[in-house]
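These notes are about the structure you will find just below.
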Amino acid sequence: MIRASKRAMGIEYAIRDVVLPARELEKKGIKVIRLNIGDPVKYDFQPPEHMRKAYCEAIMEGHNYYGESEGDFELRKAIVEREKKKNGVDITPDDVRVTAAVTEALQFIFGAAIDSGDEILIPGPSYPPYVGLVKFYDGIPVEYRTIEEEGWQPDVDDIRKKITERTKAIAVINPNNPTGALYDRKVLKEILDIACEHGLFVISDEIYDLMTYDGEHVSPASITKDVPVIVMNGLSKVYFSTGWRLGYMYYVDPEGKLDELREAIDKMARIRLCPNTPAQKAAIAGLTGPMDYLREYMVKLRERRDYIYKRLNEIPGISTQKPQGAFYIFPKIEEGPWKSDKEFVLDVLHEAHVLFVHGSGFGRNGAGHFRAVFLPSVEILEQAMDSLEAFMRKRLSS
Ligand code: PLP
């Protein structure tokens, strides 16, 4: 047998791993309500019409060639305008790189920054590729605590404690996946202060930036003075275009501390040639076009969030914080016979036919929890919550 690399064989991705047992049930004709994957386009959301048209037109008009490795200049200009308006940042198209979505930006950043044994501080719980990709590049992902009772805000003291000689960067995912937390300006300021003290840079994942319910997103890029910040964003969530695989990153680095990293990232960008050309034309339409679709979609998402939050807190043995952004909720399993959160999730799947993701799949700090997406309609969420409630009542009384 030809051996695969340990690096690749070690990769885990809980969100998709739980799909295999669900598929087995579905093969037997059992209907499973899937609340595991954060893809709005699988539900009643689509990219706005002006973006879809622009994508089709780009193809028909012949924009089907290899583009620049940095990304389309017009698009980088549009990104600068969007980000100036949203975050007040002082950047030019030269500070922007277009990527195959945030996932490729993460590969670029970790690939360019990590030498063997370097540490990246990531929120715990965390979106799984932060663990997987840091490890893939032979680095060490170090989870910092986020505080459930405070709506999953980062524990700044814990960040301080976890800094070592090998720490390179602090990653911030805000609004957060899997907790739906929206980070306070004060906490972000403190994170920047720690980064400043230790000569670190901040990686800011803002893929859900305009998807907030009870407050506004604050970017560390908007409040940094001299700490370098790399912001990542893209079309997948706010522009409802998950399958187009398009995103971007930009540097806010007034003192040029990231110059070498930028050069390394450009080398990585060149060996992967370029991002998707027609999708970039659609992105220009999205970033410069009307946003009224988002208002409409957020009305639906808010109704779904309010519904699932209320129902989950009424179910015995379960409690949950209220998500302030994105479309995830991260409840706690308060009591029950299960030895682990994964056992709980599989039991719910087999008995109640609802698919969640186990909290420990998002790192050690996620243990004892599970993640649900609230993207389906209230009617579907109601079915899922009814099944979960019946399941919990049965398990807790036996
Ligand atoms: N970052 C976070 C926090 C996410 O939740 C996701 C997807 O769920 C991604 C990045 C992936 O984004 P993209 O589709 O742009 O690769």
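Computed from heavy atoms alone, side chains included, the values below leave out hydrogens, waters and symmetry copies. Note that ligands are numbered from 1 as they come in the structure, with each ligand's atoms numbered from 1 the same way.
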**Residues in ring pair (Phe, Tyr, Trp, His ring centres under 6.0 Å) contact with W244, at least two apart in sequence or another chain** =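 Ring pair (Phe, Tyr, Trp, His ring centres under 6.0 Å) check on W244 returns Y55.
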
**Asked** Is it true that R145 and D155 have a side-chain N and a carboxylate O under 4.0 angstrom from each other?
**Response** yes

**Request:** Indicate yes or no: does R305 engage D214 in a salt bridge with an N to O separation below 4.0 Å.
**Result:**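 Looking at D214 together with R305, the answer is yes, because their closest N to O distance falls below 4.0 Å.
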
**Request:** Tell me, please, which residues at least two apart from R304 pass side-chain hydrogen bond (donor to acceptor under 3.5 Å, both in side chains).
**Result:** D44

**Request:** List the steps, then state whether ring pair (Phe, Tyr, Trp, His ring centres under 6.0 Å) holds for F370 with F344.
**Result:** CA-CA 9 Å; F370 63 97; F344 167 84; 5.2 Å; yes

Show me the side-chain donor-acceptor pairs of residues 182-189 shorter than 3.5 Å, one per line, residues at least two apart or across chains.
{"unit_1": "Y183", "atom_1": "OH", "unit_2": "I173", "atom_2": "O", "d": "3.4"}
{"unit_1": "Y183", "atom_1": "OH", "unit_2": "N176", "atom_2": "ND2", "d": "3.3"}

Could you pull out every N or O of ligand 1 that sits under 3.5 Å from a protein N or O, with the distance for each pair?
{"unit_1": "ligand 1", "atom_1": "1 (N)", "unit_2": "D205", "atom_2": "OD2", "d": "2.6"}
{"unit_1": "ligand 1", "atom_1": "5 (O)", "unit_2": "N177", "atom_2": "ND2", "d": "2.7"}
{"unit_1": "ligand 1", "atom_1": "5 (O)", "unit_2": "Y208", "atom_2": "OH", "d": "2.6"}
{"unit_1": "ligand 1", "atom_1": "8 (O)", "unit_2": "Y208", "atom_2": "OH", "d": "3.3"}
{"unit_1": "ligand 1", "atom_1": "8 (O)", "unit_2": "K237", "atom_2": "NZ", "d": "2.8"}
{"unit_1": "ligand 1", "atom_1": "14 (O)", "unit_2": "S236", "atom_2": "OG", "d": "2.6"}
{"unit_1": "ligand 1", "atom_1": "14 (O)", "unit_2": "R245", "atom_2": "NH1", "d": "2.8"}
{"unit_1": "ligand 1", "atom_1": "15 (O)", "unit_2": "V102", "atom_2": "N", "d": "2.8"}
{"unit_1": "ligand 1", "atom_1": "15 (O)", "unit_2": "S236", "atom_2": "OG", "d": "3.4"}
{"unit_1": "ligand 1", "atom_1": "16 (O)", "unit_2": "V102", "atom_2": "N", "d": "3.4"}
{"unit_1": "ligand 1", "atom_1": "16 (O)", "unit_2": "T103", "atom_2": "N", "d": "3.0"}
{"unit_1": "ligand 1", "atom_1": "16 (O)", "unit_2": "T103", "atom_2": "OG1", "d": "2.5"}
{"unit_1": "ligand 1", "atom_1": "16 (O)", "unit_2": "R245", "atom_2": "NH2", "d": "2.8"}

